[in-house]
Student: 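Sharing a structure with you now.
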Amino acid sequence: MNNAQIVARFELLADLLEFTGANSFRVRAYRNAARTIQGLSQQISDILADKSQKLTDLEGIGKDLADKCQVLVETGQLPQLEEMQKKIPQSVLAMMRIPGLGPKKAAVIYNELKVSTLEELKQACEEKRVRELKGFGAKTEQTILSGIDLAATAEQRTYWAKADRLVQRLKEHLSDVEGIKQLQFAGSYRRGKETVGDIDILVTAKSPDTAMDRLNEFPELSEVIARGDTKMSIRLDNNMQVDLRVVPEESYGAALVYFTGSKEHNVKIRGIAKQHGMKINEYGVFRVEKDGSEQYVAGKTEEDVYKALDLPWFPPELRENRDELKLAEKGLPKLITVEDIVGDMHMHTNATDGKNTLEEMINAAIDKGYQYIAITDHSKRVSMANGLDEERLLAQWKEIDKLKKKFDGKILILKGLECDILEKGGMDMPDKVLEQGEWIIASVHYGQNQSNQQITDRIIGALENPNICIVAHPTGRLINRREAYDVDLDAVFQCAKENNKFVELNANPMRLDLNDIHCHAAQQRGIPIGISSDAHNIEGLEVMRYGIIQARRAGLTKEDVVNTRPWKKIHSLLGR
DNA sequence: GCCGTTTTCGGCCCGACTGTTTTCAGTCG
């Protein structure tokens, strides 16, 4: 049983426990453990097999959950979970996804009305049976009814890049409003998560109503979920929720910390505040006096808030309660920025499935100020993309040799290829050809359903080939669309390290592969990471910034990344 | 269920908003 499967079991158990009204801290313990495991780059089964390691050393995993992990790995089952699943139909849990319906209310509906599916619940609402329950009313019934479809279709988070476009429209809409002083988008958007659930807006304003009235006029608004003195929630036509919060100026920094999250980071710093005899909430940091009174200490800016707790300001991308607090003790890393990037080493032209010509791509790269680019079209196995065979590739490289002269002094153009790793292993191009190139990428496009062993062997085989420089999108996942293929990244990293090879962070917002956790693991092993656009047209070069955000979440600095260096340095990194 | 510079018990972050009550429980972030 792999980590993802263990995580799913623990999450399900947490849901079931919550539904049965278990101690909420116990529920949280399961969720925390699931989170920790999700963030591991090593398999639980490997840790168990390694006598020098202990599961209980992991944060949030004590004796009990360590035992449960072991049982899961060894038997693939968890008796406690089986028990609960027998008692509670899984369809009941879907009710808890309806906005406004939590575990308590869902349990009442299930126990009193014997309703266990969304379909039955809809019927019960329509027959006005729900409003008869104690603690329920006509309004709640209506909320449930309108939320049922949402619960059925929801669960899909929006790509960061798409959320960003919405944020820009909201920013524009709220920009020239008289009375709004400060405005910032917070939440997972600000932390740069690869997907975003909802949009959080924080403002300071003369009166909350100015901001709320303006949001109320947003053209994409479909309904107002709630509106109080300082807080307003709306839903948009695309079902996305937007929360607006208005705070006083002296609380702006504290509120920004609070609403940027993550929840886990906040819980942690609240604990630290307590140790300091202080309290932190969205209004500020307060010293708690012996008589119980509270004294405002800080809150105007984020820097003030962290400083009051003897902490440095954390870039939002690091606020995940992974290891940022430990890092802070020796000084936070200087995270990479998009300005550090001096070249792009993965792009396609109209020779294969790209839209633009060689020269168009080159000129676009010059406009971006790059020192160099690698032209890396597909190899022939990717027939769908009109992949290059030996003859066409050599012709393209000949052309590039000419262009090298033409663009001399302006930009360096590298002869590259995105060469497929064949299903049976081996490269989709003879070595005698590959060795004439300057930057050969290896990637898996076919046979993605193969076993862990097969896929791992294929990638390792590629990295051991002296002509290969880097493995592209190493896990093959497509966010919200396709799971990663079953690959032993530990073994891949090991091989990359031994052979002076690199791994890619593909900046396409649907890929972002490697993800933040894997990039961090590669960094810790000292494997240089190449951040590439994988552009298929000139506009595609712009996705580099999404890769940078992901890299920042991984804690990468300029030094960890391949294409922050001049080409000559990269050449020597490869041991050439 | 986890955790420990208040250390093996007793905490565990904290406040806004809603709907249903008639002072508050539930939900959410």
Side-chain angles (χ1 to χ4, degrees), chain A residues 10 13-14 17-19 21-36 55-69 80 95-109 130-144 147 186-191 196-202 208 212 224-235 241-247 251 254-255 257-286 288 294 309 321:
Chain A
F10 281 178
L13 198 43
L17 284 168
E18 193 172 32
F19 184 76
N23 178 316
S24 58
F25 295 109
R26 189 173 163 220
V27 174
R28 201 165 82 183
Y30 279 94
R31 297 207 198 284
N32 282 343
R35 220 186 97 83
T36 295
L55 279 183
T56 49
D57 287 342
L58 298 171
E59 192 165 317
I61 297 189
K63 183 170 183 322
D64 186 88
L65 288 177
D67 287 347
K68 287 194 166 76
C69 284
Q80 185 192 5
M95 291 203 279
M96 292 198 289
R97 286 206 295 272
I98 297 171
L101 259 201
K104 296 283 193 309
K105 284 204 158 98
V108 170
I109 290 173
V130 171
R131 66 177 66 183
E132 303 301 326
L133 297 167
K134 189 173 161 53
F136 289 73
K139 210 74 179 263
T140 311
E141 202 172 62
Q142 195 49 50
T143 308
I144 293 173
S188 52
Y189 168 76
R190 183 162 181 244
R191 300 203 310 283
V196 173
D198 54 21
I199 303 287
D200 302 291
I201 313 173
L202 188 69
M212 293 189 186
V224 176
I225 301 168
R227 178 168 172 169
D229 292 339
T230 64
K231 194 179 156 185
M232 176 175 179
S233 292
I234 64 169
R235 195 176 308 286
Q241 186 173 324
V242 178
D243 297 327
L244 172 72
R245 186 70 179 254
V246 188
V247 297
S251 301
V257 170
Y258 181 83
F259 289 108
T260 298
S262 65
K263 199 166 91 185
E264 291 77 10
H265 175 87
N266 288 349
V267 167
K268 197 83 180 187
I269 63 169
R270 277 163 196 271
I272 292 173
K274 247 186 173 172
Q275 286 167 20
H276 283 66
M278 293 195 267
K279 188 182 104 171
I280 174 170
N281 57 27
E282 58 262 58
Y283 296 108
V285 183
F286 301 88
V288 184
E294 291 168 3
L309 306 176
N321 189 30

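Please read these numbers as outputs of a predicted model, since none were measured by experiment.
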Student: Within the 4.0 Å heavy-atom criterion, would you say Q241(A) contacts the bases, only the backbone, or no part of the nucleic acid?
Tutor: sugar-phosphate
Student: Provide the distance between the two C1' atoms, one in dG19(B) and one in dC13(B), to the nearest whole Å.
Tutor: 25 Å
Student: Across all strands, who's sitting opposite dT8(B) as a Watson-Crick or G-U wobble pair, both distances under 3.5 Å?
Tutor: none
Student: State the OG1-CE distance between T230(A) and M212(A), to the nearest 0.5 angstrom.
Tutor: 6.0 Å
Student: Using the C1' atom in both, what is the distance from dG26(B) to dT20(B), to the nearest Å?
Tutor: 10 Å
Student: With heavy atoms under 4.0 Å as the rule, sort A138(A) into base, sugar-phosphate or nothing.
Tutor: sugar-phosphate
Student: Report the distance from atom CE of M96(A) to atom C1' of dT27(B), rounded to the nearest whole Å.
Tutor: 13 Å
Student: Please check the phosphate of dT20(B) (OP1 and OP2 only) for any side-chain N or O of T140(A) closer than 4.0 Å.
Tutor: yes
Student: Can you check side-chain contact (heavy atoms from CB on, under 4.5 Å) on M95(A) and I109(A), steps first, answer last?
Tutor: CA-CA 9 Å; M95(A) 291 203 279; I109(A) 290 173; 4.1 Å; yes
Student: In whole angstrom, what separates L55(A)'s CG from dC2(B)'s C1'?
Tutor: 15 Å
Student: Given the P atoms of dG1(B) and dT5(B), what is the spacing between them in whole Å?
Tutor: 23 Å
Student: Say we look at dT8(B) and dC3(B): how far apart would their C1' atoms be, to the nearest angstrom?
Tutor: 10 Å
Student: Distance between the C1' atoms of dC2(B) and dT7(B), in whole angstroms?
Tutor: 13 Å
Student: For I109(A) and dG26(B), give me the distance from atom CD1 to atom P, rounded to whole Å.
Tutor: 13 Å
Student: Between atom CG in D57(A) and atom P in dC3(B), what is the gap in whole Å?
Tutor: 10 Å
Student: Any carboxylate oxygen within less than 4.0 angstrom of a Lys/Arg side-chain nitrogen, looking at E18(A) and R31(A)?
Tutor: yes
Student: What is the distance from CZ of R131(A) to C1' of dT21(B), rounded to the nearest Å?
Tutor: 17 Å
Student: Could you tell me whether K68(A) sits above the aromatic face of F10(A), with NZ or CZ closer than 6.0 angstrom to the six-membered ring centre and within 45 degrees of the axis?
Tutor: no
Student: Can you tell me how far apart CZ (F286(A)) and CD (E294(A)) are? Round to the nearest 0.5 Å.
Tutor: 6.5 Å
Student: Listed by chain and number, what are the salt bridge (charged side-chain N to carboxylate O under 4.0 Å, His left out) partners of K274(A), not counting sequence neighbours?
Tutor: none
Student: Using the P atom on both, measure dT6(B) against dG11(B) and round to a whole Å.
Tutor: 15 Å
Student: What is the minimum heavy-atom distance between T56(A) and K63(A), and which atoms define it?
Tutor: CG2-N, 3.9 Å
Student: Measuring only the P atom in each nucleotide, how far is dC9(B) from dC14(B)? A whole number of Å is fine.
Tutor: 25 Å
Student: Take D64(A) and D67(A) through the test side-chain contact (heavy atoms from CB on, under 4.5 Å) and record every step on the way to the result.
Tutor: CA-CA 5 Å; D64(A) 186 88; D67(A) 287 347; 5.8 Å; no
Student: For a quick check under 3.5 Å, do Q241(A) and D243(A) share a side-chain donor-acceptor pair by atom type?
Tutor: yes
Student: Pull out every protein N or O sitting under 3.5 Å from an N or O of nucleotides 23-25 of chain B, one pair per line with the distance.
Tutor:
none

Student: As an exercise, state the distance from OH of Y189(A) to CG of D200(A), rounded to the nearest 0.5 Å.
Tutor: 12.0 Å
Student: Looking at every strand, decide which applies to K68(A) at a 4.0 Å heavy-atom threshold: base, sugar-phosphate, or nothing.
Tutor: sugar-phosphate
Student: Touch check for L101(A), heavy atoms < 4.0 angstrom, all strands: base, sugar-phosphate only, or nothing?
Tutor: sugar-phosphate
Student: To the nearest angstrom, how far is I272(A) atom CD1 from dG4(B) atom C1'?
Tutor: 15 Å
Student: If you measure from the C1' atom in dC12(B) to the same atom in dT18(B), how many Å do you get, rounded?
Tutor: 27 Å
Student: Where the side chain of D64(A) is defined as all heavy atoms beyond and including C-beta, which of dC2(B), dT27(B), dT20(B) is the nearest nucleotide?
Tutor: dC2(B)
Student: E18(A) has an atom CD; how far is it from atom C1' of dG26(B), in whole Å?
Tutor: 12 Å
Student: Can you measure Q275(A) atom CD to dT5(B) atom P for me and round it to whole angstrom units?
Tutor: 8 Å
Student: Taking the nucleotide of DNA chain B with the nearest heavy atom to each, does I61(A) or L133(A) sit closer to the 5' end?
Tutor: I61(A)
Student: Run the salt bridge (charged side-chain N to carboxylate O under 4.0 Å, His left out) test on K268(A) and E59(A) for me, step by step, so that the C-alpha distance in whole Å, both residues' side-chain angles and the decisive distance to 0.1 Å come before the verdict.
Tutor: CA-CA 12 Å; K268(A) 197 83 180 187; E59(A) 192 165 317; 3.5 Å; yes
Student: Which of the following nucleotides, dG26(B), dG1(B), dG29(B), is nearest to the side chain of A29(A)?
Tutor: dG1(B)
Student: If a protein heavy atom is under 4.0 Å from the base, mark B; if only from the sugar-phosphate, S; if neither, -; do that for nucleotides 12-18 of chain B going 5' to 3'.
Tutor: BBBSSSS
